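Just so it is clear, the model here is predicted, and its values are computed rather than measured. The basis for the numbers below is simple: all heavy atoms, side chains too, and nothing from hydrogens, waters or symmetry mates.
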Amino acid sequence: VQLQASGGGLVQAGGSLRLSCAASGRTRSIHGMGWFRQAPGKEREFVAAVGWSGGSTHYADSVKGRFTISRDNAKNTVYLQMNGLKPDDTAIYYCAADPSPSVVAGWGAGYWGQGTQVTVSS
């Protein structure tokens, strides 16, 4: 499975961005897709995920109520709508996918995209 992420950028605090991640290859094997992020000097952390068949979603507490993850199965694409962005959201965001429930559970992934930078200025 190959993942191509896009949509990062620079935004002021309170603003919005939408990330996209398109999957290709053996997409039928995917159980869930999601996003993790890594800020400078910090470990990579789970952000949000969606189950590929049932559409169940899971969010980190830090983004609940501000971020929304969705999927388009026909396009093999997952989206992350980020509203109310804060400077603490500044990080490289990585798209992730896995044949097991590990992404939806927030544990990790077997497939990673290249990362897209999100910078939120105060």
Side-chain angles (χ1 to χ4, degrees):
V1 175
Q2 294 78 46
L3 304 174
Q4 181 67 44
S6 60
L10 172 64
V11 65
Q12 289 187 330
S16 299
L17 284 173
R18 189 175 85 151
L19 305 182
S20 300
C21 179
S24 60
R26 299 185 63 182
T27 57
R28 288 190 175 185
S29 68
I30 295 174
H31 178 276
M33 288 182 65
W35 297 89
F36 291 70
R37 67 186 182 187
Q38 187 167 20
K42 295 186 178 181
E43 294 186 353
R44 190 174 297 188
E45 64 176 5
F46 170 75
V47 177
V50 60
W52 209 238
S53 58
S56 60
T57 57
H58 179 204
Y59 296 93
D61 289 343
S62 59
V63 306
K64 281 181 181 177
R66 299 188 297 122
F67 291 11
T68 302
I69 191 167
S70 61
R71 79 201 195 288
D72 184 333
N73 292 55
K75 296 182 178 179
N76 293 321
T77 299
V78 64
Y79 305 96
L80 185 68
Q81 179 65 43
M82 305 185 292
N83 299 328
L85 283 161
K86 305 175 182 179
D88 285 349
D89 295 317
T90 295
I92 299 174
Y93 284 68
Y94 294 92
C95 179
D98 201 274
S100 78
S102 64
V103 173
V104 177
W107 299 335
Y111 303 106
W112 296 95
Q114 82 281 15
T116 184
Q117 178 71 48
V118 172
T119 303
V120 184
S121 62
S122 57

(message) Can you list everything that forms a side chain to side chain contact (heavy atoms under 4.5 Å, CB included) with Gln4? Sequence neighbours excluded, please.
(response) Gln114
(request) Could you list the residues that satisfy side chain to side chain contact (heavy atoms under 4.5 Å, CB included) with Pro101, not counting sequence neighbours? (result)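 By the side chain to side chain contact (heavy atoms under 4.5 Å, CB included) rule, Pro101 matches His31.
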(message) Do the side chains of Lys86 and Asp89 get close enough for a salt bridge, i.e. N-O under 4.0 angstrom?
(response)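 No salt bridge links Lys86 with Asp89.
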(request) May I ask you to test the Met82-Val11 pair for a side-chain heavy-atom distance under 4.5 Å? (result)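 No. Closest side-chain heavy atoms not under 4.5 Å.
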(message) Are the side chains of Thr68 and Tyr59 in contact, using a 4.5 Å heavy-atom criterion?
(response)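 Tyr59 vs Thr68: side chains touch.
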(message) Restricting to salt bridge (Lys or Arg N to Asp or Glu O under 4.0 Å), what partner residues turn up for Lys42, sequence neighbours left out?
(response)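 With sequence neighbours excluded, Lys42 shows a salt bridge (Lys or Arg N to Asp or Glu O under 4.0 Å) to no residue whatsoever.
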[X] versus [Y], closest heavy-atom pair with distance:
| X | Y | value |
| --- | --- | --- |
| Ala109 | Ser102 | CA-OG, 4.2 Å |
| Ser6 | Thr116 | C-OG1, 4.4 Å |
| Val1 | Ser29 | CG2-OG, 4.0 Å |
| Gly84 | Arg66 | O-NH1, 3.0 Å |

Just by modelled atom types, is the [Y] backbone N or O under 3.5 Å from a matching donor or acceptor in the [X] side chain?
| X | Y | value |
| --- | --- | --- |
| Arg71 | Trp52 | yes |
| His58 | Ala49 | no |
| Asp72 | Thr77 | no |

Check the hydrophobic clustering (I, L, V, M, F, W, Y; side-chain heavy atoms under 4.5 Å; chains of links allowed) and say if [X] and [Y] are grouped together.
| X | Y | value |
| --- | --- | --- |
| Val104 | Trp35 | no |
| Val103 | Leu80 | no |
| Ile69 | Val47 | yes |
| Tyr111 | Phe36 | no |

(request) Please say whether more than 12 non-hydrogen atoms of neighbouring residues, nucleotides or ligands are located less than 6.0 Å from CZ in Phe46. (result) yes
(message) Please list all pairs meeting salt bridge (charged side-chain N to carboxylate O under 4.0 Å, His left out) that have one or both residues in residues 9-32, counting only residues at least two apart or in different chains.
(response) none
(request) Take Lys75 and Ser20 through the test side chain to side chain contact (heavy atoms under 4.5 Å, CB included) and record every step on the way to the result. (result) CA-CA 11 Å; Lys75 296 182 178 179; Ser20 300; over 6 Å; no
(message) Once you measure the plane-to-plane angle for Tyr94 and Trp112, does it fall in the parallel (<30°), tilted (30-60°) or perpendicular (>60°) bin?
(response) perpendicular
(request) Test Val118 against Leu19 for side chain to side chain contact (heavy atoms under 4.5 Å, CB included), laying out the working first. (result) CA-CA 9 Å; Val118 172; Leu19 305 182; 4.1 Å; yes
(message) Using the rule side-chain contact (heavy atoms from CB on, under 4.5 Å), only one of Thr90, Leu10, Leu17 pairs with Val120; which is it?
(response)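 Testing each of Thr90, Leu10, Leu17 against Val120, the sole residue satisfying side-chain contact (heavy atoms from CB on, under 4.5 Å) is Thr90.
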(request) Could you grab the distance from atom CD of Gln38 to atom CD of Glu43, nearest 0.5 Å is fine? (result) 8.0 Å
(request) Please list all pairs passing the disulfide bond (SG atoms under 2.5 Å apart) test where one or both residues lie in residues 29-91, with sequence neighbours left out. (result)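 Every candidate disulfide bond (SG atoms under 2.5 Å apart) pair involving residues 29-91 fails, so no pair, neighbours aside, qualifies.
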(request) For residues 45-100, pull every pair meeting disulfide bond (SG atoms under 2.5 Å apart), keeping only residues two or more places apart or in separate chains. (result) Cys21-Cys95
(request) Could you walk me through whether Phe67 and Leu85 pass side chain to side chain contact (heavy atoms under 4.5 Å, CB included), step by step? (result) CA-CA 9 Å; Phe67 291 11; Leu85 283 161; 3.8 Å; yes
